[in-house]
Every structure is written in structure tokens, then in C-alpha cells.
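Take a look at the structure set out below.
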Amino acid sequence: MISRILTSALFAGAAAGLITALLQLVFVQPVLLHAELYESGALVHFGAEAVSAHPDLPGMFAEPIRDGLSIIFTMLTYTGYALVMVALMSVAQGQGHEINARTGLLWGLAGFVAFHFAPGLSLAPEVPGVAAAEVGARQIWWTATVAAAGIAMWLIAYGGNIVSYVVAALLLMAPHLIGAPEPSTFSGPVPTEIGALFAARAFGVGMAAWALLGTFAGYFWQSEGARAEATA
């Protein structure tokens, strides 16, 4: 069982992480690089002269070491997520629930809600240079929100009664009713349009990443199980 979990998670996490890293390089990194120009003062908006919204930015792999490390760390990160997901899949299968690529897609979407959408609803993805609350407070709130949303997703999927659904709804709402840590004042040199685009692309790539991770995890979990049965 442990070998099956490790093998499935390794393949699923590496595949999903590689694709996600490439998506980030194409869609997210250019927005970050654009924001860094304002953070450093190389560009200033609302100045005396109009500033082009389309500056010349480095292309993909213009900094091969930085981009290569980004790909490696993204693959490692999603392998870690895959280990958690596949371990939970093994628990669900032990309770009689079917796990395959199709159901894995649903697992992936639930993971997106837990790790991206739920915390991002009140603590949105941020570009460099914007005002933000103290890091420790944000980390605590983010962790608690992810944990609450993860439990809520499990209750919605496998609770099977009205009490589970009510508890899940309360868990999803509670962190936002309490409120995420906020800065005492608003500041930052980056135009709001860039911040909005970054948040939108972060959510979009995040959803694609988790959908891929869940699908791959379900597929490899099922295929590893079939292979183990064939060799038994």
C-alpha cells in the first residue's frame, strides 16, 4: 500500500507540477515581471507621462537558472500535494468509494477550492509591492482556512446527511466571517489592473493545476492497483 501511494503520488505530482510550472511561466510570470518594474521604480503610473501597458519583458527561459529552479520546486510542491491526496484517496477507497481518473478530477477541483479559492476569497493573490498584513498572521489564517475548507470538502463528498452539509457550510464561511488579516493602510506602486490580472491568472492556473493533479492521481492510483493485482 505504501509503495502504491508513493508511486502514484510521484508520477501524478511530477506530471502535474511540470505542466503547472510551464503554465506559470507563460501566464503568471510575465505579470509578476511587469509588477516588479513598478515595485523597483523603473515604471511609474499616474505620472506626468502616460506609461505603456505593454513594456518589453524577458521571454521564457531568459533566465534559465531561475526558471529551471522554478520548474523543479513546482514539481516538488505538487508531489507533496499528491502524497496527501493519494493517501486520502486510499482512505476513501477503503470505505468503498471508487477512485479513478474521472473521480480524481473531482478530487482535484475540491483541492483547488481548499487550497486556492477558499483562502483567496478573502486573502487574494498579491503582486510584489502591495500593502499586506504581517506575514505570520496571514500564514495562520491561511492554514486554518485551508484545513477548514479541506474538511468541508470531505464532508460534502462523503458525509451523506444534512448535518454534514450544514457543518461543511459553517466551516467554509467561518474564516471569512472572522476575516483575514488586513494592512492598516493601503499603499503600493503597482497599478490595480496588474493586480487584478495576476489574481485572475493565479486562480486560473491553480484550477488547471489541481484538476490535472486529481486526474493524474486517480489514474495512477487505479493503474498501480491493477498492476499490483495482475502480479499478485
Side-chain angles (χ1 to χ4, degrees), residues 1-32 59-61 64 66-93 97-121 123-126 142-143 145-147 149-154 156-158 172 197-228:
M1 178 64 71
I2 294 178
S3 175
R4 183 181 175 187
I5 290 174
L6 291 175
T7 302
S8 301
L10 179 61
F11 282 117
L18 176 60
I19 297 173
T20 300
L22 295 176
L23 290 174
Q24 289 174 340
L25 289 176
V26 173
F27 294 107
V28 179
Q29 182 165 285
V31 184
L32 284 174
M60 283 184 63
F61 299 108
R66 172 181 174 178
D67 294 343
L69 289 174
S70 177
I71 291 174
I72 292 172
F73 285 126
T74 301
M75 292 174 69
L76 290 173
T77 298
Y78 278 88
T79 299
Y81 287 147
L83 283 169
V84 176
M85 179 179 288
V86 174
L88 291 174
M89 283 179 170
S90 70
V91 174
Q93 184 169 280
H97 301 289
E98 184 179 6
I99 302 297
N100 53 39
R102 184 175 180 180
T103 58
L105 173 60
L106 298 178
W107 277 75
L109 294 176
F112 165 72
V113 171
F115 281 86
H116 283 253
F117 185 76
L121 188 63
L123 198 62
E126 300 167 345
W142 185 91
T143 302
T145 302
V146 169
I151 295 171
M153 292 297 100
W154 185 276
I156 291 171
Y158 301 122
L172 289 171
L197 178 60
F198 174 75
R201 290 196 173 180
F203 277 131
V205 171
M207 184 172 68
W210 279 94
L212 289 168
L213 182 64
T215 302
F216 287 145
Y219 170 78
F220 285 117
W221 176 257
Q222 184 185 40
S223 62
E224 283 299 306
R227 186 177 66 84

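This chain uses plain numbering: 1 for the first residue, then up along the sequence.
By the 4.5 Å heavy-atom criterion applied to side chains, Met89 and Gln93 are not counted as neighbours. Within the 4.5 Å cutoff, side-chain heavy atoms of Leu88 are placed close to those of Trp107. The shortest side-chain heavy-atom distance between Val205 and Val26 does not fall under the 4.5 Å cut-off.
Between Phe220 and Phe216, the ring planes are tilted. Angles from 30° to 60° get that label. Using bins of under 30°, 30° to 60° and over 60° for the plane-to-plane angle, the ring pair His97/Tyr158 lands in the tilted bin.
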Q | Worked verdict on Asn100 versus Thr103 for side-chain hydrogen bond (donor to acceptor under 3.5 Å, both in side chains) | A | CA-CA 5 Å; Asn100 53 39; Thr103 58; 3.2 Å; yes
Q: Assess whether side-chain contact (heavy atoms from CB on, under 4.5 Å) is satisfied between Leu6 and Leu83, documenting all intermediate values.
A: CA-CA 7 Å; Leu6 291 175; Leu83 283 169; 3.7 Å; yes
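Contact between Thr74 and Gly17 at its shortest, heavy atoms only, is CG2-O, 3.5 Å. Contact record, Ala217 with Met85: CB-SD, 4.0 Å, taken as the closest heavy-atom pair. When all heavy atoms of Ser8 and Glu224 are compared, the pair lying nearest together is OG-CG, 3.6 Å. Between Ala92 and Ile99, the shortest heavy-atom distance links the atoms CB-CD1, 4.3 Å. The shortest heavy-atom contact between Ala9 and Ala82 is O-CB, 3.4 Å. In plain terms, the two heavy atoms of Ala114 and Pro119 that are nearest each other are O-CD, 3.3 Å.
For Ser70 (side chain) and Arg66 (main-chain N/O), no donor-acceptor pair under 3.5 Å exists by modelled atom type.
How far CZ of Arg201 is from CG of Leu23: 11.5 Å, rounded to the nearest 0.5 Å. Distance CG/Leu109 to OG1/Thr215: 8.0 Å, rounded to 0.5 Å. Remark: Leu121 CG to Leu172 CG distance equals 10.0 Å, nearest 0.5 Å. For the atom pair OG1 of Thr20 and CH2 of Trp210, the computed distance is 10.0 Å after rounding to the nearest 0.5 Å. Note that the CZ atom of Phe198 and the CZ atom of Phe203 stand 10.0 Å from one another [nearest 0.5 Å]. Note that OG of Ser90 is 8.5 Å distant from CZ of Arg4, once rounded to the nearest 0.5 Å.
Shown here is Tyr81, whose OH atom has more than 12 heavy atoms of other residues, nucleotides or ligands within 6.0 Å. Around atom CZ of Phe115, more than 12 heavy atoms belonging to other residues, nucleotides or ligands sit under 6.0 Å away.
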